[in-house]
Amino acid sequence: MSMITIPTTQDLIRELGLLKHPEGGYFASERGNAPRSLATSIYYLLTYDNPNGVFHMNKSVTYHVLHRGRAEYTLIHPPEGGEPPRVETKIIGTNAGETRLLLVGTGVWKMSRLLPEDVENAKTEEQKARLGCLITEVVVPGFHWEDHQFLAMDALKNLFKNNDEKVKQLAPFIRQTQ
């Protein structure tokens with residue numbers, strides 16, 4: 001009987017040829033060559049050393065398909081009918097109540113991070129080396145940088161004009177260099 005070996009996140013980075021992603025974490029692109037592909041996909045990995053992304057929005061619909069690990073996604077849905085934006089948290093993972101597939105529609109700000117309790121519970125170097133969340137992200141129609149934007153601090157404050165507490169809660173996940 002052979003044992004299943006779980007690769008470390010560094011093994012995954014090397015084996016999949018992942019690079020640092022501007023949104024946080026690591027990625028490798030599987031892009032088509034057409035000017036506007038029907039769909040594009042990337043591997044996306046969060047690690048103990050790079051545990052979160054920053055808020056961003058894609059013009060296209062994005063499917064997040066879990067390979068391994070767990071991550072928390074925070075989604076900011078646009079305001080409707082004079083109401084403030086709706087903030088939603090989803091966990092992608094294999095435990096009860098979690099999902100293995102997350103669909104994020106157009107016009108939604110999103111960010112992902114390893115769950116704080118998972119990071120805190122990784123005490124040994126071995127646990128830290130294996131802690132991560134690997135997904136495939138499929139963008140339909142295909143991803144183009146001109147269809148992508150990072151959420152700036154002034155835009156976050158504008159979204160939550162009357163809610164300083166929400167701004168304070170989400171501000172750590174705003175990209176520092178615009």
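- Taking each heavy atom of L12 and P7 in turn, the nearest pair found is CD2-CG, 4.0 Å.
- To the nearest 0.5 Å, the span separating CG on N52 from SG on C133 amounts to 12.5 Å.
- N95 is listed as a side-chain neighbour of R70, based on a closest heavy-atom distance under 4.5 Å.
- Qualifying side chain to side chain contact (heavy atoms under 4.5 Å, CB included) partners for P116, counting only residues two or more places apart in sequence or in other chains: R113.
- Atom CG of L156 is separated from atom CD1 of I174 by 4.5 Å, given to the nearest 0.5 angstrom.
- Remark: side-chain polar atoms of H144 are not paired, donor with acceptor, to backbone N or O of E146 under 3.5 angstrom.
- Grouping the Ile, Leu, Val, Met, Phe, Trp and Tyr side chains by contacts below 4.5 angstrom, directly or via other members, places V61 apart from L66.
- In this structure, T136 and I42 have side chains that are not in contact, with every pair of non-hydrogen atoms separated by 4.5 Å or more.
- Looking at T99 and I91, their side chains never come closer than 4.5 Å, going by heavy atoms from C-beta outward.
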Checking F173 against T74 for the side chain to side chain contact (heavy atoms under 4.5 Å, CB included) test, could you report, in this order, the C-alpha distance in whole Å, the side-chain angles of both residues, the deciding distance, and whether it holds?
CA-CA 10 Å; F173 307 105; T74 301; over 6 Å; no
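- Q149 and H56 share no donor-acceptor pair across their side chains, judged by distance under 3.5 Å alone.
- Inspection of the T47 and N50 side chains reveals no N or O donor paired with an N or O acceptor under 3.5 Å.
- The heavy-atom pair separating L131 from T9 by the smallest distance is O-CG2, 3.1 Å.
- Counting only heavy atoms from C-beta outward, the side chains of F27 and L45 never approach each other to under 4.5 Å.
- Following chains of ILVMFWY side-chain contacts shorter than 4.5 Å, one cannot reach M57 starting from Y63, and the two form parts of different hydrophobic clusters.
- The minimum heavy-atom distance between G24 and Y44, with the atom names listed, is O-OH, 2.7 Å.
- We find the CG-NE2 distance between L159 and H77 to be 12.5 Å, quoted to the nearest 0.5 Å.
- The neighbour count for E15 CD, taken as heavy atoms of other residues, nucleotides or ligands under 6.0 Å away, is above 12.
- Here the closest non-hydrogen pair linking A71 and L46 is CB-CD1, 4.3 Å.
- We find the CE-CD distance between M153 and Q176 to be 6.5 Å, quoted to the nearest 0.5 Å.
- Taken together through direct or relayed side-chain contacts under 4.5 Å among Ile, Leu, Val, Met, Phe, Trp and Tyr, V65 and L103 form part of one hydrophobic cluster.
- No side-chain donor-acceptor contact under 3.5 Å links Q169 to the backbone of E165.
- Closest approach of L170 to I76, counting heavy atoms only: CD1-CD1, 3.8 Å.
- Hydrophobic clustering (ILVMFWY, side-chain heavy atoms < 4.5 Å, transitive): V104 and V140 are in distinct clusters.
- With a 6.0 Å radius and a threshold of 12 heavy atoms from other residues, nucleotides or ligands, E80 has its CD atom at or below the threshold.
- In the hydrophobic cluster analysis, where Ile, Leu, Val, Met, Phe, Trp and Tyr join through side-chain heavy atoms closer than 4.5 angstrom, V138 is grouped apart from L16.
- Counting only heavy atoms from C-beta outward, the side chains of L151 and V54 never approach each other to under 4.5 Å.
- Between the side chains of H64 and K110, at least one donor N or O sits under 3.5 Å from an acceptor N or O.
- Of all heavy-atom pairs spanning N58 and E137, the tightest one is ND2-OE2, 4.3 Å.
- Ring geometry for H67 against Y43 counts as tilted: the plane angle lies between 30° and 60°, on a 0 to 90° scale.
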Please lay out, stage by stage, how V87 and L75 fare under the test side chain to side chain contact (heavy atoms under 4.5 Å, CB included).
CA-CA 6 Å; V87 178; L75 310 174; over 6 Å; no
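- Between K90 and E72, none of the side-chain N atoms (NZ, or NE/NH1/NH2) sits under 4.0 Å from a carboxylate O, so this pair counts as no salt bridge.
- Ionic pairing of K157 and D154 is not present here: no N-O contact between side-chain nitrogen and carboxylate oxygen is shorter than 4.0 angstrom.
- In this structure, the side chains of L19 and Y26 stay at 4.5 Å or more apart for every pair of heavy atoms.
- Classification of E125 and K128 as a salt-bridged pair holds, one side-chain N sitting under 4.0 Å from a carboxylate O.
- Atom OH of Y73 sits about 6.5 Å away from atom CG of L102, to the nearest 0.5 Å.
- With a 4.5 Å cut-off on side-chain heavy atoms, P78 and W109 do not count as touching.
- N158 places no side-chain N or O within 3.5 Å of a backbone atom of A155 that could act as its donor or acceptor partner.
- In this structure, CZ in F55 is found 12.0 Å from CD in E23, a value given to the nearest 0.5 Å.
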Determine, stepwise, if the pair T40 / V139 fulfils side chain to side chain contact (heavy atoms under 4.5 Å, CB included).
CA-CA 5 Å; T40 55; V139 180; 3.8 Å; yes
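- S60 places none of its side-chain heavy atoms less than 4.5 Å from the side chain of F143.
- Looking at Q127, its side chain does come within 3.5 Å of a backbone N or O of T124 through a donor-acceptor pair.
- With hydrogens and angles ignored, the 3.5 Å screen pairs no side-chain donor or acceptor of D118 with any backbone N or O of L114.
- The number of heavy-atom neighbours closer than 6.0 Å to CG of L101, taken from other residues, nucleotides and ligands shown, is above 12.
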